[in-house]
Amino acid sequence: MVSDSDESADLSWLLNDDETQLSPRIQGCSSEDAASNSSLMPHFLDMGFPRKMITKAIEESGDGNSESVLDLLLIYSSLAGTTSRNEEKAESDENSWADDSSSYFDEMDLDLEMAGQDSISNKLQVLVKMGYDQDEAASAVKRCGEDASAFELADSIYAAQTAKEEEFGDCDPSSAHEQKDGDKYDPFLHDHKRQRFDDGASSSHRNNNQRRGHLNRAYGRPSTTIRHHGGGSDDDREAELFLPNSMVGFGLPMDPKRQIYRKLPDVAQGPPFFYYENVALAPRGVWDTISRMLDNIPPEFVDSQYFSAACRKRGYIHNLPIANRFHLKPVPPQTILEAFPSNRAHWPEWDKRTKFNCLQTVVASSKLTEKIHAELKAYPNPPSLDVMKRVMKECRKWNLIWIGQKRVAPLEPHEVEFLLGFPRDHTRSISRTERYRSLGNSFNVDTVAYHLSVLKGIYPNGIRILSLFSGIGGAEVALHRLGIKMTAVLSVEKSLSNRNLLNSWWKETGQEGELQEIDDVRKVDDAILECFIRRHGGFDLVIGGSPCNNLTGSNRLHRIGLQGEHSSLFYHYYRILSRVRYLMGKH
DNA sequence: GAAAGTATGAGTTCTCGG
DNA sequence: CCGAGAACTCATACTTTC
């Protein structure tokens with residue numbers, strides 16, 4: 001859920017005013033002094049990084065440039081699994097950030113090794129608790145080795161079970177390649193054709209071989225990513241973040257058997273629960289960074305085509321339970337013609353689409369649809385293969401529907417609302433252009449509701465939420481449709497018209513809870529958070545999707561990654577979540 | 001000044017035939 | 001296994017219209 005139209009992000013909260021003059025000054029003096037005197041310190045402290053970590057990062061960065069310092073901090077965080085949550089521990093434990101820089105990485109590695117080495121009996125116990133057979137668990141240990149984490153072991157058992165199912169099940173191997181419309185759910189845990197994400201080194205790291213070596217060694221620990229253990233030794237490879245071939249996440253409502261089990265790192269245990277969303281097809285390394293910042297939790301990649309008649313490939317990082325999810329009712333139409341039956345009469349046979357592509361923020365011009373109409377009128381029915389191909393290309397690109405003989409048109413705003421799971425005319429209060437933009441930036445309600453459904457049992461008396469980048473209120477609508485009462489909502493949204501829209505919806509739907517709206521994530525500080533926590537006792541859920549403008553392929557001009565003007569607001573999501581955890585721990 | 005209209009690819013993965 | 005082509009993507013900048 002993003003409102004990015006006018007969201008101009010600067011990084012002033014982590015930069016100093018005279019940051020440009022900072023580097024020569026730091027280079028001039030030596031080590032600690034420069035670091036501790038640096039005015040970058042308060043900014044990074046504010047983000048929740050431990051003081052010693054920041055000192056180390058400033059020293060190591062050499063040039064004192066805030067971006068490279070931030071990069072280093074991200075790496076350290078991933079190595080140490082450190083967030084502001086264990087800030088006090090890190091601060092008080094002198095050894096955790098030893099002054100001897102030469103031993104720094106060794107210590108990190110040691111810590112991680114220790115963390116990964118639970119006793120075997122403990123792991124077996126966990127697996128049995130997860131519902132696995134003792135024998136299955138034992139043979140998984142044999143397969144994966146004694147160092148494997150409980151999560152890896154569960155992965156292995158699951159893969160073995162699924163392999164067995166496919167071997168003896170009723171799957172027709174010949175149909176395995178007919179998954180054009182994605183009705184075959186590859187359990188992504190043992191999909192060998194998965195796309196590969198970068199190893200986590202951002203472009204600014206690529207020329208630093210030494211640093212990258214450390215990164216490769218430590219990144220993708222069992223606790224953070226799924227790792228394969230094939231039978232042969234050459235099947236073993238470095239753990240990396242993968243984008244699954246079919247994005248079914250941790251299981252789908254219509255396929256309950258394909259659930260996976262996961263164990264979250266202790267630091268990630270809720271409450272507060274959190275839920276973060278962004279585009280799945282981001283530039284290399286982006287999801288690695290986001291995952292590292294958010295407790296090293298692997299993203300759940302889901303294509304909303306499994307929930308509606310439109311594709312929407314998104315990644316979600318959250319610490320919600322994943323057992324006993326349920327589907328929002330009524331289940332929306334799953335194909336284009338089920339969604340818009342009245343268009344069937346005009347739909348030519350040669351348009352084989354059953355799903356729309358991703359609903360974006362702008363729609364086709366009338367000039368284009370007129371051109372298509374003119375072209376089709378000039379030819380007999382059916383048109384030549386060549387014309388057909390050209391028309392279909394435009395139809396797919398712009399999600400056009402057939403509204404008359406040889407006539408196509410873009411979806412109406414209320415049709416987009418319908419496909420995304422919003423009530424009709426949810427966005428009627430804003431201009432047509434703005435409706436398309438806000439809807440294109442929004443959640444798919446059914447998908448998000450499926451993930452959030454587990455909260456219903458946990459919070460029968462209602463939840464208190466912090467909604468960042470609220471947009472048109474996809475999270476709120478999802479919770480409302482699930483029948484989860486919102487006792488208090490702190491919503492942050494840049495666009496005034498979207499804020500008004502959410503406010504109207506809040507009143508119209510008779511919400512009893514309190515809705516507080518803020519216009520900028522950069523304004524969300526401890527004072528605001530503490531005020532809410534004092535009034536309401538805390539937050540149960542921190543939810544939001546930060547701007548994707550600099551990540552999406554649709555952006556031809558500024559697809560520059562997480563450091564982009566808009567997408568860098570992700571760091572505020574991280575900052576605010578960290579502060580919420582810290583402040584709630586204090587109370 | 002707000003709203004609507006229009007031209008503007010790259011980067012990456014997927015597909016399929018050899 | 002490999003390579004060429006198809007397919008897809010929460011958009012931006014500028015102009016025109018109202």
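Naming: A, B, ... by sequence-line order, numbering from 1 per chain.
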Please name the nucleotide paired to C:dC10 by Watson-Crick or G-U wobble geometry with both distances under 3.5 Å, or report none.
none
Taking it one step at a time, do A:V408 and A:I401 satisfy side-chain contact (heavy atoms from CB on, under 4.5 Å)?
CA-CA 5 Å; A:V408 292; A:I401 56 173; over 6 Å; no
Looking at A:K313, does any N or O in its side chain come under 4.0 Å of the phosphate oxygens OP1/OP2 on C:dC10?
no
Using atom P in both nucleotides, what's the gap between B:dT6 and C:dT9 to the nearest angstrom?
23 Å
Please determine whether any donor N or O and acceptor N or O are separated by less than 3.5 Å between the side chain of A:R314 and the base of C:dC10.
yes
Do the side-chain N or O atoms of A:Q360 get closer than 4.0 angstrom to the phosphate oxygens (OP1, OP2) of C:dC10?
no
When you compare C:dA7 with B:dG9, how far apart are their C1' atoms, in angstrom units rounded to a whole number?
14 Å
Is any side-chain N of the basic residue among A:E412 and A:R432 closer than 4.0 Å to the acidic one's carboxylate O?
yes
Pick the closest DNA chain B nucleotide for A:A364 and for A:R559 by heavy atoms, then say which residue is nearer the 5' end.
A:A364
Given the side-chain rings of A:F301 and A:Y316, with only the six-membered ring counted for Trp, is the space between their centroids under 6.0 Å?
no
Nearest whole Å is fine: how far is C:dT9 P from A:I560 CD1?
22 Å
When the distance from CD of A:E394 to P of B:dA7 is rounded to whole Å, what number comes out?
11 Å
Phosphate-side-chain proximity, A:N555 and C:dT9, N/O vs OP1/OP2 below 4.0 Å:
no
For the pair made of CZ in A:R437 and C1' in C:dT9, what is the distance, rounded to whole Å?
15 Å
Parallel, tilted or perpendicular, judged at 30° and 60°: which one describes the rings of A:F443 and A:Y275?
perpendicular
